[in-house]
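Below is one structure, written out as structure tokens; comments come after it.
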Amino acid sequence: LMVNVWLRRRAERELSISQEMLERAQRIARVGLWSRDPATGRLVWSKETKRMLGAAPGSAPLTFDTFLSLVHPADRERVDATVKASDARRQSRVIEFRLQMPGRPDRYLRSVGEWTTGPDGRPLVAGMVQDITELKQMEEMLRQMQRMESVGTLAGGVAHDFNNLLTVINGYGQLLAGALAPDDPRSQYVREIQRAGERAATLTRQLLAFSRKQIL
């Protein structure tokens with residue numbers, strides 16, 4: 001009897017350690033686990049899933065309707081239709097949606113679910129949910145950088161073409177200035193043309209520096 005008690009307590013300690021390690025891994029990776037009974041709609045969430053979705057650790061049994069109420073209104077109908085369609089065909093599914101909670105900024109989540117069998121042999125839907133907000137932000141930053149790269153390429157092409165035109169304008173402006181007498185009243189017009197050409201050339205150099213990512 002003493003040996004059995006000792007073995008049971010050791011098994012309980014090892015199970016507790018494993019459970020703690022699993023919860024820590026979920027918290028670090030921002031991945032939560034869940035399961036749903038398709039017959040009753042009852043949901044079971046891990047601690048990390050409850051934390052991500054804003055549910056209290058000791059909250060009452062959750063349902064699919066409770067989960068839908070947390071989904072952003074713009075995504076709610078799509079999530080509901082996707083889940084119902086996968087349930088009807090008993091197929092796995094991957095859904096990305098926004099989470100809307102009062103007083104907190106919207107978060108992006110990815111949920112993966114698949115059909116399996118529960119301990120009692122009945123069908124069960126189980127899966128994971130992951131917070132991908134930072135990933136979405138990085139993707140948006142990448143798209144912004146790609147747009148800026150395109151703008152830089154366009155600016156470089158325009159600057160090169162404009163620089164060719166300025167070469168002609170400034171060159172003929174110098175020839176015209178040299179052809180006029182110093183007291184010719186038209187000289188002031190030529191000087192204005194030259195000053196405008198110089199300002200345009202400065203602008204062209206700035207555009208070229210922007211397209212090449214040079215420091216001015």
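Predicted model, so just to flag it, every value in this text is computed and none were measured. Keep in mind that the numbers below use all heavy atoms, side chains included, and drop hydrogens, waters and symmetry copies.
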Handout entry: Close side-chain approach of Thr66 and Leu43, heavy atoms under 4.5 Å
Key = no
Handout entry: Electrostatic pair Asp87-Arg36, nearest N-O below 4.0 angstrom
Key = yes
Exercise for the section: Kindly determine whether Ile95 and Asp75 satisfy side-chain contact (heavy atoms from CB on, under 4.5 Å), including the steps that lead there. Expected result: CA-CA 10 Å; Ile95 310 175; Asp75 300 339; over 6 Å; no
Fill in the blank from the handout: With Met141 as partner, the option from Met138, Gln137, Gln144 fulfilling side chain to side chain contact (heavy atoms under 4.5 Å, CB included) is Met138
Handout entry: Non-hydrogen side-chain atoms of Gln130 and Val112 separated by less than 4.5 Å
Key = no
Exercise for the section: For the residue pair Asp131 and Thr133, confirm or rule out a side-chain donor-acceptor distance under 3.5 Å. Expected result: yes
Problem - Residue of the set Arg78, Arg76, Lys84 for which side-chain hydrogen bond (donor to acceptor under 3.5 Å, both in side chains) holds with Asp80 - result: Lys84
Problem - Straight-line distance of Glu139 CD to Tyr108 OH, nearest 0.5 Å - result: 10.0 Å
Practice task
Answer yes when Asp37 and Arg42 have at least one side-chain N-carboxylate O distance shorter than 4.0 Å, and no when they do not.
Solution key: no
Handout entry: Glu198/Arg195 salt bridge by N-O under 4.0 Å criterion
Key = no
Handout entry: Nearest non-hydrogen partners of Met52 and Val129, listed with the distance
Key = CE-O, 3.3 Å
Practice task
Please check if any side-chain donor atom of Thr202 sits under 3.5 Å from a side-chain acceptor atom of Arg205, or the reverse.
Solution key: yes
